[in-house]
Number of protein chains: 2
Amino acid sequence: MPTTSLRTLQPRKTPVQERSVVTVDAILQAAIQVLVSVGKERLTTTLVAMRAGVSVGTLYQYFPNKSALLQASLKRHMHGVATSIDRVCKEYRSASLLTMGDALIDAYISAKMHNVKESAALYSVSSDLDGLAIAKAAGARGRRVVAELFATASEGLTKDPEIVATMVMAALNGVSRRLLEAKSPERELAPLREELLVLVRGYLLTCIATKPAT
Amino acid sequence: MPTTSLRTLQPRKTPVQERSVVTVDAILQAAIQVLVSVGKERLTTTLVAMRAGVSVGTLYQYFPNKSALLQASLKRHMHGVATSIDRVCKEYRSASLLTMGDALIDAYISAKMHNVKESAALYSVSSDLDGLAIAKAAGARGRRVVAELFATASEGLTKDPEIVATMVMAALNGVSRRLLEAKSPERELAPLREELLVLVRGYLLTCIATKPAT
DNA sequence: TGTTTAGATGAAGGAACCTTCAGCTTTGGA
DNA sequence: TCCAAAGCTGAAGGTTCCTTCATCTAAACA
């Protein structure tokens, strides 16, 4: 059973004039900013509205409740990452498996690291009952797309592309998370990225029948 | 700056009689149960007390506030996992690197899978401002201990043990998380565990100067 | 058995905060 | 220019829930 009915989570009003589009955008941006600065526990709708430079009433014209607001913020973030992954999956179709791995790592890591604070703050939303479903769906979608990419690899796969995608994405998630909760993610980025390449390459090699000369 | 002063988070009263020890235990267990059944959002101190079969007042004699209660629950869980890791680190000192990897995977996965619902429910606590510090500390501690283990490997390491430990633990975390948020973790356990072994073995091989005959 | 200390109770205070709505302002087109 | 629709406002209602404390019961001990 879902936490709230679907009806309750739909936007209350769809922006038609230009200014309201700006408003909705400002609210979503403000939500992230508040999330980053005070955390999910102390985030209030009034605070978000203030930060966005509008009144609470305005916020509630576009988001039926607090949960919907947070979910929308999370979706927006996830969408950004998904777009990066999708681009890679289109661009590297039929390439070699190792090339795909490298490209995925770059895309995923740089999308997450683009705004470290934001990515880190959203973990608290994605771990909640409401956010969990969104995170899971995004994960499943990413896995599916990457599995399809792997299926086109120039070398033949010795394993189910689904499971290969699962492992690669799990490793990506694990390392990203570790990176995001570091004191200084920027400092650790280079070495961890390098090592992640080694980890994934090593694994992908075991998924190929005939080893290429690398 | 921490969310709450250290003073505020210390237990209010330390159990001296046997019955109060039982009470504290019941409260902590109840907290987990409530967390599992209604989620962090809807967990209330009254609900936890009811579930534990005591009154709210009693709860507040041992936990200064709700946050402290959740933190204590998280610590308890983390401690269980840490103990498993520690045991491995003592037992496999000076063994071969690959053996260490296999043992770590088994210990970590089985500790997390011991109670799937509990592990999954606690993610919401560990992503919060309060829980984050605990989770980070536990992660750092685990990494340190595992790095020390790796440093004793019978084969020589070509890399800093710290970074090797970091990568292995990140992979473990990533896969565990994926497992815990699956619809049916039990069903996926075997294949994912198997594949995790492949992933980690492949990586550890790159950390050894001379490859052993496996 | 009497006294002291530990443990337990739960109604009630009170703060925090989500959400509404009646009314006001701005925009865009007729 | 004028009006209907879109957009905005923010004080106040209402809930939820954390936390306290005066009071009661059980245990330890002399």
Side-chain angles (χ1 to χ4, degrees), chain A residues 3-5 7-28 30-31 34-35 37-73 125 128-130, chain B residues 3-5 7-28 30-31 34-35 37-73 125 128-130:
Chain A
T3 308
T4 3
S5 83
R7 188 55 186 274
T8 317
L9 293 175
Q10 297 310 312
R12 187 161 290 184
K13 176 191 283 190
T14 313
V16 330
Q17 295 178 12
E18 183 57 25
R19 60 173 171 159
S20 62
V21 175
V22 173
T23 298
V24 170
D25 205 73
I27 292 172
L28 284 172
V34 172
L35 207 55
S37 62
V38 308
K40 210 199 83 167
E41 298 309 276
R42 285 194 287 276
L43 175 147
T44 70
T45 49
T46 312
L47 216 53
V48 171
M50 273 182 58
R51 184 91 192 208
V54 299
S55 76
V56 232
T58 300
L59 187 157
Y60 276 90
Q61 285 203 318
Y62 302 102
F63 302 95
N65 51 51
K66 186 182 163 182
S67 176
L69 170 65
L70 290 176
Q71 289 187 48
S73 303
V125 179
D128 253 316
L129 226 50
D130 298 326
Chain B
T3 309
T4 2
S5 83
R7 190 55 186 273
T8 317
L9 293 175
Q10 296 311 312
R12 187 160 288 182
K13 175 192 285 190
T14 312
V16 329
Q17 295 176 13
E18 183 58 25
R19 60 173 172 157
S20 63
V21 175
V22 172
T23 298
V24 170
D25 205 73
I27 292 172
L28 284 171
V34 171
L35 207 55
S37 62
V38 308
K40 210 199 84 168
E41 299 308 277
R42 284 193 288 276
L43 175 147
T44 71
T45 49
T46 312
L47 216 53
V48 172
M50 272 183 58
R51 185 90 194 209
V54 299
S55 77
V56 231
T58 300
L59 189 156
Y60 275 90
Q61 284 203 319
Y62 301 102
F63 303 94
N65 51 51
K66 185 182 162 183
S67 176
L69 171 64
L70 290 176
Q71 287 186 50
S73 304
V125 179
D128 253 316
L129 226 50
D130 299 325

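Computed from heavy atoms alone, side chains included, the values below leave out hydrogens, waters and symmetry copies. In the text below, chain A, chain B and the rest are named by the order of the sequence lines, each starting its count at 1.
Computed from coordinates, the B:Leu43 CG to D:dT16 P distance equals 16 Å when rounded to whole Å. One atom, CD1 of A:Ile27, and another, C1' of D:dT9, lie 13 Å apart when rounded to the nearest Å. Spacing between atom CZ of A:Arg42 and atom P of C:dC18 amounts to 14 Å, rounded to whole angstrom units. Separating the CZ atom of B:Phe63 from the P atom of D:dT19 is a distance of 13 Å, rounded to the nearest angstrom. In this entry the distance linking CD of B:Gln61 with C1' of D:dC21 reads 11 Å, nearest Å. Rounded to whole angstrom, the span from the CD atom of B:Glu41 across to the P atom of D:dC18 amounts to 12 Å. Remark: P of D:dT20 and OH of B:Tyr62 are 16 Å apart, rounded to the nearest angstrom. Put simply, CG on A:Leu59 is 13 Å from C1' on C:dT20, counting in whole angstrom units.
Across all strands, A:Ser20 comes closer than 4.0 Å only to sugar-phosphate atoms, never to a base (heavy-atom distances). Residue-level contact check: A:Leu47 touches neither bases nor backbone, having no heavy atom under 4.0 Å from any strand.
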Item to check | Step-by-step side-chain contact (heavy atoms from CB on, under 4.5 Å) determination, A:Asp130 to A:Leu70 | outcome: CA-CA 9 Å; A:Asp130 298 326; A:Leu70 290 176; over 6 Å; no
Checklist entry - Could you walk me through whether A:Thr23 and A:Ile27 pass the side-chain contact (heavy atoms from CB on, under 4.5 Å) check? => result CA-CA 6 Å; A:Thr23 298; A:Ile27 292 172; 3.9 Å; yes
Item to check | CA sep, side-chain torsions, deciding dist, call: B:Val34, B:Met50, side-chain contact (heavy atoms from CB on, under 4.5 Å) | outcome: CA-CA 10 Å; B:Val34 171; B:Met50 272 183 58; over 6 Å; no
Item to check | Pair A:Leu28-A:Tyr62, side-chain contact (heavy atoms from CB on, under 4.5 Å): steps then yes or no | outcome: CA-CA 10 Å; A:Leu28 284 172; A:Tyr62 302 102; over 6 Å; no
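For C:dC17, the OP1/OP2 oxygens have no side-chain nitrogen or oxygen of A:Thr44 closer than 4.0 Å. Contact between the side-chain N/O atoms of A:Tyr60 and the OP1/OP2 oxygens of C:dT19 is found at a separation under 4.0 Å. Put simply, B:Thr23 has a side-chain N or O that comes within less than 4.0 Å of OP1 or OP2 on C:dA8. For the pair B:Thr45 and D:dC18, the criterion of a side-chain N or O lying under 4.0 Å from OP1 or OP2 is met.
Annotation for A:Thr45 and A:Tyr60: closest pair CG2-OH, 3.2 Å, computed over non-hydrogen atoms.
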So which protein nitrogen or oxygen atoms get under 3.5 Å of nucleotides 10-13 of chain D's nitrogens or oxygens?
| residue | atom | partner | partner atom | Å |
| --- | --- | --- | --- | --- |
| D:dG10 | N7 | A:Ser55 | OG | 3.4 |
| D:dG10 | N7 | A:Gly57 | N | 3.4 |

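Between A:Leu47 and A:Arg42, every side-chain heavy-atom pair lies at or beyond the 4.5 Å cut-off. At a threshold of 4.5 Å between non-hydrogen side-chain atoms, the residues B:Val48 and B:Leu69 count as touching.
Picking from D:dC8, C:dG7, C:dC17 the nucleotide with the shortest atom distance to the side chain of A:Arg19 gives D:dC8.
The nearest heavy atom of DNA chain C to B:Gly53 and to A:Gln17 marks one nucleotide each, and the one closer to the 5' end goes with B:Gly53.
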